[in-house]
Structures are given as structure tokens and as C-alpha cells.
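Shown next, in C-alpha cells, is the structure this report addresses.
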Amino acid sequence: MERQEMKIVILDGGCVNPGDLSWDAWHRLGKITLYDHTAAVDVVARACDADALIVNKVQMSAEVMEKLPKLKYIGVLATGYNVVDIEAAKEHGIVVTNIPAYSTESVAQATFAHLLHVCNDVAHYVTVEKKKEWCTHRDFCYWDAPLIELKDKTIGIVGLGNIGMKVAQIALTFGMKVVAYTSKAHEQLPEGIKAVSYDELLQASDVVSLHCPLNERTHRMINRETLSKMKQDAILLNMSRGGLVDEEALAKALQKGDLYAYCADVLAEEPPQVSNPLLDVANAYITPHLAWATKEARGRLMEIALTNIEAFIRNEQSGNEITSMV
């Protein structure tokens, strides 16, 4: 296949690039068709002539792939590739690539943005100042809620992949004690990070930060039982996947005062239902899955996605069989 014959359809590029980045470099690969969003009912019609598909959250099921006989490649614009039925892709000889590690710095930064929000609540005090409340206060200083120093606090990190390790490094610069629940061997851990059991982590940590994948083993790993093992003044952070927590049990724990705060960039269902039990809890601080979305991280994502499909095209042109999958 000559490069100009490659038909590439980007099914939902709008979230990754709402207009502040450029797709121009992609046009050298062949014929590019770009959609900002694609509903499930439109996937087959839009993808029927494609040699390659680029997707973010569009579901590529076995049923969909069965109806796309020309399809040779699916590039996932994300770290997780659960939107693709990998076994079905293998059966159809479709190469699938994903993009790990593009957002490490941004997600680690967002983790501490959430944590510092709870510890210092800068936004609250800026609002106080804008309302001129400080102007009428009798003292030179003003605060109406606890302020928390991170030095010597223990942070327990569940999962020491790229993001978890970056969070650990930042925590150490704050003077925090770092423990981790990880599959890494002790000799693989940098100085300052101590491997512990999951129960030990929950019991010892002032801050628990989740940075592990969502699977059968980790689904609702934060639940009524595990919450009961945590300190009542602990802060729980979740920048990974909403399904790691039992949201109803967590909401009850927060309301009862069994946990100081929950900070998350993810929920089990996204967008959430208005009935989600966490949305009305005062000490649950939820952001709408934006930790990954700095311009810098999205730029890296698009660059790596471009590199992935270029590598696929080179192998196609050379006649080499590609057997590696995500």
C-alpha cells in the first residue's frame, strides 16, 4: 500500500484537540477524515472505508470490527485500551496501539493540586479576600478552617507505575514519608519509598493516593471494609479510575466523618448521573476528568499517536508482519 492511499478516520478527536493543536502533520500519511465526536450508531458508516481508525472513547467491539473488513489498524488516543475488544482485533488481524506515559507529569501535578487544595484551600481564601472579609477582621491574619502541613505526613501510594512513581518523588520533596503497595521488588524501589502490604498502607497513611489500573482485582478496592481501616483524618486521592472505589460507601464515610476528604478526577460513570452520591458531599472534591488534559500532555499524545501510525505504515509498506499488540 502506498502512503497516499491510506485512509485514516479520526472518530473522536475533539476531546484531545478542541482546536488549540494541529492535525496538519497527519495529512502527509494519506486521506484524513476528522470527526470531533462520533455516536455509536454512526461508527460503522463513518469507518467502513477506513484502513486505520483513531479513537479515544469510541467503543470498538467485536460486532463493529466484523463490519469493517478493510480495517487494519486502530490507534487509541489514550493510555487505557479497554475501548477495544483486543481478542476480536487479533482475530481480524487488526493492529492496536495505545499511548502510555504521555500524561505522567500532568496527572502527578493534578494529584498535588487536589492535595494542596485540601491542605491550604487557596481558592476559599481568595474568595474571602474578594468579599473584603479580611478588611474587617480584627487580626492581621485570617483563617476559618484547619491548615495542614505535608512535611512528615505519610502518603501511601497504590501502584508505582509512571504516575505513582512521579507522585512519590514529589511527595519526598515535600518531606513526606512514602509507603507503597506495589508489585515492584524491594531492590527496584528508590531510596525513601518503602513497600508495604495494602492493609499496612491503609492503616499508616495520612494520605492515600490511587494510581493503579482498574481490573477485577482492583474494582472497588476502596469499600466499606477498607475504609474502616483508614485514619479518620486521612485524605483519599483518586486520579486513576472511578471504579476503584465504592462510591456509595465512600459518600457515607465522608458524611459520617470517617474520612477527612476525597479528591478525585474520575468517577465510575462519566459523565456522571446527577444522582451520583459523591456530588453533593461537602468534603468530596471532584474535577471532571481533566488531569491529563494540559496542552503539553495532549501535544505529546498526538505526537506519539502520529509516531505509532507512521511505524505501522512503514511495516505495511515493507511487507513485514506486525504481531505486537497493546
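Worth knowing before you read on, the calculation uses all heavy atoms, side chains too, and leaves out hydrogens, waters and symmetry mates.
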Side-chain ([X]) to main-chain ([Y]) donor-acceptor, under 3.5 angstrom:
{"X": "T218", "Y": "P213", "result": "yes"}
{"X": "S197", "Y": "E200", "result": "yes"}
{"X": "S240", "Y": "L210", "result": "no"}
{"X": "S205", "Y": "L202", "result": "no"}
{"X": "N56", "Y": "D12", "result": "no"}
{"X": "N120", "Y": "V122", "result": "no"}
{"X": "W26", "Y": "K31", "result": "no"}

Would you call [X] and [Y] a side-chain contact if the rule is heavy atoms closer than 4.5 Å?
{"X": "M60", "Y": "V96", "result": "no"}
{"X": "E269", "Y": "E247", "result": "no"}
{"X": "Y198", "Y": "T226", "result": "yes"}
{"X": "M176", "Y": "V207", "result": "yes"}
{"X": "R298", "Y": "W292", "result": "yes"}
{"X": "V118", "Y": "Y260", "result": "yes"}
{"X": "L278", "Y": "L254", "result": "yes"}
{"X": "T97", "Y": "F312", "result": "no"}

Between D258 and L227, is a side-chain contact (heavy atoms from CB on, under 4.5 Å) present by the stated rule, with each step listed? CA-CA 8 Å; D258 292 337; L227 285 164; over 6 Å; no
Could you check D265, N238, T287 and say which one makes a side-chain hydrogen bond (donor to acceptor under 3.5 Å, both in side chains) with H114? T287
If you take all heavy atoms of [X] and [Y], which pair is closest and at what distance?
{"X": "S106", "Y": "A297", "result": "OG-CB, 3.5 Å"}
{"X": "M6", "Y": "L29", "result": "CB-O, 3.5 Å"}
{"X": "A62", "Y": "D85", "result": "CB-OD2, 3.7 Å"}
{"X": "A234", "Y": "M230", "result": "CB-CE, 4.1 Å"}

Transitive ILVMFWY side-chain link [X] to [Y], under 4.5 Å:
{"X": "I222", "Y": "L201", "answer": "yes"}
{"X": "I235", "Y": "I157", "answer": "yes"}
{"X": "L11", "Y": "V84", "answer": "yes"}
{"X": "V208", "Y": "M239", "answer": "no"}

Check step by step if side-chain contact (heavy atoms from CB on, under 4.5 Å) holds for N276 and I286. CA-CA 11 Å; N276 184 294; I286 314 294; over 6 Å; no
Between E296 and R300, is there a salt bridge with N-O shorter than 4.0 Å? no
Residues D246 and R224 bridged, charged N to O under 4.0 Å: no
For H117, what residues pass the side chain to side chain contact (heavy atoms under 4.5 Å, CB included) criterion, not counting sequence neighbours? D121, Y285
List in chain and number order the residues that pass salt bridge (Lys or Arg N to Asp or Glu O under 4.0 Å) with K194, two or more places apart in sequence or in another chain; answer none if no residue qualifies. none
Which donor-acceptor pairs under 3.5 Å do side chains of residues 160-172 form with protein atoms, sequence neighbours excluded?
none

If you draw a 6.0 Å radius around CD in E129, do more than 12 non-hydrogen atoms from other residues or ligands fall strictly inside? yes
Hey, what's the ring geometry for F174 with F112, parallel, tilted or perpendicular (30° and 60° as the breaks)? parallel
